[in-house]
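Encoded as structure tokens, the structure appears first; notes follow it.
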Amino acid sequence: MKVLETTNLTKKYRKITALDQLNFHIDEGMVFGLLGPNGSGKTTTLGMLLNVLAPTSGSFKWFEKAPSAESRKKIGAILEIPCFLPYLTAEQNLRVIAKVKECAPENIERSLKTVGLFDRKDDPFKTFSLGMKQRLAIGSALLGDPPVLILDEPTNGLDPQGIVEIRELIKEIAGSGKTIILASHLLDEVQKLCSDFMVLRKGKKLFQGSVQGALMNERSVEVAAKDMEQMQTVLSGFNGIKKMNRTDDFFVLTTEDYVTSSDISHYLFDRKIVVTHLVEKEGSLEKQFLKILKEND
């Protein structure tokens with residue numbers, strides 16, 4: 001099922017076009033990353049999807065229906081820096097929010113346990129670290145047990161330990177079957193968390209696809225042998241190599257998706273080529289991101 005679908009979604013502020021005819025969709029169970037530099041339109045997109053901002057033109061559907069108060073109840077979201085009452089405890093803050101959201105009180109304990117703060121439920125919010133505050137914010141978004149969770153820059157400002165904690169929490173939540181929409185300008189974060197992603201720049205969509213597919217496009221194999229010339233001649237007869245570049249120490253092979261380093265090793269071994277170096281290099285979202293930007297200059 002399509003959880004979300006947009007049609008020519010546009011937002012203009014006088015002469016500035018913050019979002020320009022955006023078309024994309026998100027399927028159930030995806031961890032979907034909105035990727036782009038600051039000012040690309042990520043937060044504007046989320047604001048319209050949550051009815052915080054009104055689109056200038058275009059439309060969108062939640063759960064294959066026009067947005068409504070009922071569909072909004074199925075979405076938990078954190079758009080800005082989480083705001084809690086500093087002198088109240090974690091549990092007391094969630095009780096206030098649960099009352100506003102009309103959530104069952106028993107959901108509070110479940111949310112605190114999910115985000116790993118049940119042992120700190122009686123501590124004042126003002127004593128929490130930034131990472132704990134962010135976890136409590138995620139807990140508040142989960143109070144109604146929504147099938148969709150929207151997070152805008154969830155690791156912004158956190159130290160390395162806090163980033164890892166939030167990342168693992170998001171993975172755990174995604175593992176429960178929820179659809180997660182995550183806006184970020186951090187390529188590494190999107191690569192480690194998301195199943196699919198979209199690249200925005202100046203309000204325009206440049207790309208949408210799977211993270212795995214993007215990484216496969218950038219995968220390469222390094223290979224060297226005692227006789228480099230002979231190996232080059234032999235590899236020229238191997239089906240599945242798209243490109244072969246030589247460095248001082250080895251060849252860098254760009255291959256078809258189905259080709260593995262093991263396939264290359266066996267091919268060379270069968271032809272009596274002694275391999276001295278064989279390393280499969282995973283692709284990076286950074287390379288693919290820069291490639292997408294360059295192609296759309």
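Positions are given from 1, in the same order as the sequence printed here.
Note that the NE2 atom of His25 and the CG atom of Leu4 stand 10.0 Å from one another [nearest 0.5 Å]. Taking OG from Ser140 and CG from Leu94, the interatomic distance works out to 6.5 Å, rounded to the nearest 0.5 Å. A distance of 11.5 Å separates CD of Glu168 from CD1 of Ile173, quoted to the nearest 0.5 Å. We find the CD-NE2 distance between Glu153 and His185 to be 5.5 Å, quoted to the nearest 0.5 Å. For the atom pair Lys192 NZ and Leu186 CG, the distance stands at 11.0 Å (nearest 0.5 Å). Distance check, rounded to the nearest 0.5 Å: NZ of Lys2 to OG1 of Thr179 gives 14.0 Å.
Looking at heavy atoms from C-beta onward, Gln21 lies out of side-chain contact with Leu9 at the 4.5 angstrom threshold. Side chains of Ile97 and Phe84 form a contact here, defined as non-hydrogen atoms less than 4.5 Å apart. A heavy-atom distance below 4.5 Å is not found between the side chains of Val31 and Ile181. For the pair Leu79/Leu151, no side-chain contact is recorded, criterion being any heavy-atom separation below 4.5 Å from C-beta on. Using a 4.5 Å heavy-atom threshold, the side chains of Val275 and Ile264 count as separate. Side-chain contact between Val259 and Ile241 is absent, with no heavy-atom pair separated by less than 4.5 Å. Counting heavy atoms from C-beta outward, Thr255 and Lys242 have side chains that stay 4.5 Å or more apart. The side-chain heavy atoms of Thr56 and Thr17, taken from C-beta on, include no pair separated by under 4.5 Å.
For Leu149 against Ala141, the heavy-atom pair with the smallest separation is CD1-CB, 3.6 Å. Between Ser184 and Val190, the shortest heavy-atom contact is CB-CG2, 4.1 Å. Nearest heavy-atom pair, Leu136 versus Ala90, reported as atom, atom and distance to 0.1 Å: CD1-CB, 4.0 Å. In this structure, Pro154 and Ala183 approach most closely via the heavy-atom pair CD-O, 3.9 Å. Listed here is the closest heavy atom pair of Pro124 and Pro86: CB-O, 3.9 Å. Here the shortest heavy-atom pairing between Gly41 and Leu19 reads O-CD1, 3.8 Å.
Both Val96 and Tyr87 sit in one connected hydrophobic cluster of ILVMFWY residues. Membership requires side-chain heavy atoms under 4.5 Å apart, directly or through other members. Under the 4.5 Å side-chain heavy-atom criterion for grouping Ile, Leu, Val, Met, Phe, Trp and Tyr, Phe250 is not connected to Val234 through any hydrophobic cluster. Residues Ile150 and Met1 are members of one and the same hydrophobic cluster, defined by side-chain heavy-atom contacts under 4.5 angstrom among Ile, Leu, Val, Met, Phe, Trp and Tyr. Both Leu50 and Phe63 belong to a common hydrophobic cluster when Ile, Leu, Val, Met, Phe, Trp and Tyr are linked at side-chain heavy-atom distances under 4.5 angstrom. Val52 and Leu200 end up in the same hydrophobic cluster when Ile, Leu, Val, Met, Phe, Trp and Tyr side chains are linked at under 4.5 Å.
For the pair Lys113 and Phe118, the cation sits on the ring face: its NZ or CZ lies under 6.0 Å from the ring centre, inside 45° of the axis. Cation-pi check for Lys126 over Phe128 is not met; the charged atom does not lie both under 6.0 angstrom from the ring centroid and within 45 degrees of its normal. For the pair Lys133 and Phe125, the cation-pi test (distance below 6.0 Å, angle within 45°) is passed.
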Open item on the list: Assess the residue pair Phe60 and Asn51 against the criterion (side-chain contact (heavy atoms from CB on, under 4.5 Å)); give the C-alpha distance rounded to whole Å, side-chain angles, the decisive distance to 0.1 Å, and a yes or no.
Closed with: CA-CA 11 Å; Phe60 61 93; Asn51 292 322; 3.7 Å; yes

- [ ] Begin from the C-alpha positions of Met244 and Val252 and carry the test side-chain contact (heavy atoms from CB on, under 4.5 Å) through to its verdict.
- [x] CA-CA 6 Å; Met244 183 163 50; Val252 179; over 6 Å; no

- [ ] Could you give me the CA-CA distance, side-chain angles and deciding distance for Asn8 and Leu22, then say whether side-chain contact (heavy atoms from CB on, under 4.5 Å) is met?
- [x] CA-CA 5 Å; Asn8 297 327; Leu22 182 62; over 6 Å; no

Open item on the list: As a quick check of understanding, evaluate side-chain contact (heavy atoms from CB on, under 4.5 Å) for Thr6 and Leu49, giving each step before the final call.
Closed with: CA-CA 9 Å; Thr6 73; Leu49 296 176; 4.1 Å; yes

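Taking the six-membered ring where tryptophan is involved, the planes of Phe238 and Tyr267 are perpendicular, since the angle between them exceeds 60° and thus also 30°. Ring-plane geometry between Phe207 and Phe197 is classed as tilted, the angle between the planes lying from 30 to 60 degrees on a 0 to 90 degree scale.
Ion pairing between a basic and an acidic side chain is recognised when a charged N comes within 4.0 Å of a carboxylate O; Glu28 and Lys178 show no such pairing. A salt bridge is absent between Glu64 and Lys61: the closest approach of a Lys/Arg side-chain nitrogen to an acidic carboxylate oxygen does not fall below 4.0 angstrom. Ion pair Arg110/Glu106 not flagged as a salt bridge, since none of the NZ, NE, NH1 or NH2 atoms sits closer than 4.0 Å to an Asp/Glu carboxylate oxygen. Using a 4.0 Å cut-off between charged side-chain N and carboxylate O, Glu189 and Arg167 make no salt bridge. A salt bridge is absent between Lys272 and Asp227: the closest approach of a Lys/Arg side-chain nitrogen to an acidic carboxylate oxygen does not fall below 4.0 angstrom.
A donor-acceptor pair under 3.5 Å links the side-chain atoms of Lys42 to the main chain of Gly36, judged by distance alone. Judged by distance alone, with hydrogens and angles left aside, the side-chain atoms of Arg135 form no donor-acceptor pair with the main-chain N or O of Ile138 at under 3.5 Å. Between the side chain of Gln92 and the main chain of Thr89, a donor-acceptor pair closer than 3.5 Å is present. No donor-acceptor pair closer than 3.5 Å links the side chain of Lys74 to the backbone N or O of Val148. Remark: side-chain polar atoms of Glu5 are not paired, donor with acceptor, to backbone N or O of Phe24 under 3.5 angstrom. A side-chain donor-acceptor contact under 3.5 Å links Ser129 to the backbone of Met132.
A 6.0 Å sphere centred on NZ of Lys12 holds no more than 12 heavy atoms belonging to other residues, nucleotides or ligands. The environment of NE2 in His266 is sparse: at most 12 heavy-atom neighbours from other residues, nucleotides or ligands sit within 6.0 Å. Taking a 6.0 Å sphere around CG of Asn245, one finds it holds more than 12 heavy atoms contributed by other residues, nucleotides or ligands. Enclosure of atom NZ in Lys204 is not indicated, since only 12 or fewer non-hydrogen atoms of other residues, nucleotides or ligands lie within 6.0 angstrom. Annotation for Lys101: atom NZ counts as buried by contact number, over 12 foreign heavy atoms lying within 6.0 Å.
The side chain to side chain donor-acceptor pair (under 3.5 Å) check on Ser261 picks up Glu280, with sequence neighbours excluded. Remark: Phe251 engages no residue in a ring pair (Phe, Tyr, Trp, His ring centres under 6.0 Å) (not counting sequence neighbours). Annotation: side chain to side chain donor-acceptor pair (under 3.5 Å) contacts of Thr10 (sequence neighbours excluded): none.
A donor atom on one side chain and an acceptor atom on the other are not found under 3.5 Å apart for Asn107 and Asp145. Side chains of Asp152 and Thr43: a donor on one and an acceptor on the other come within 3.5 Å. Between the side chains of Thr260 and Asp263, at least one donor-acceptor pair of N or O atoms lies under 3.5 Å.
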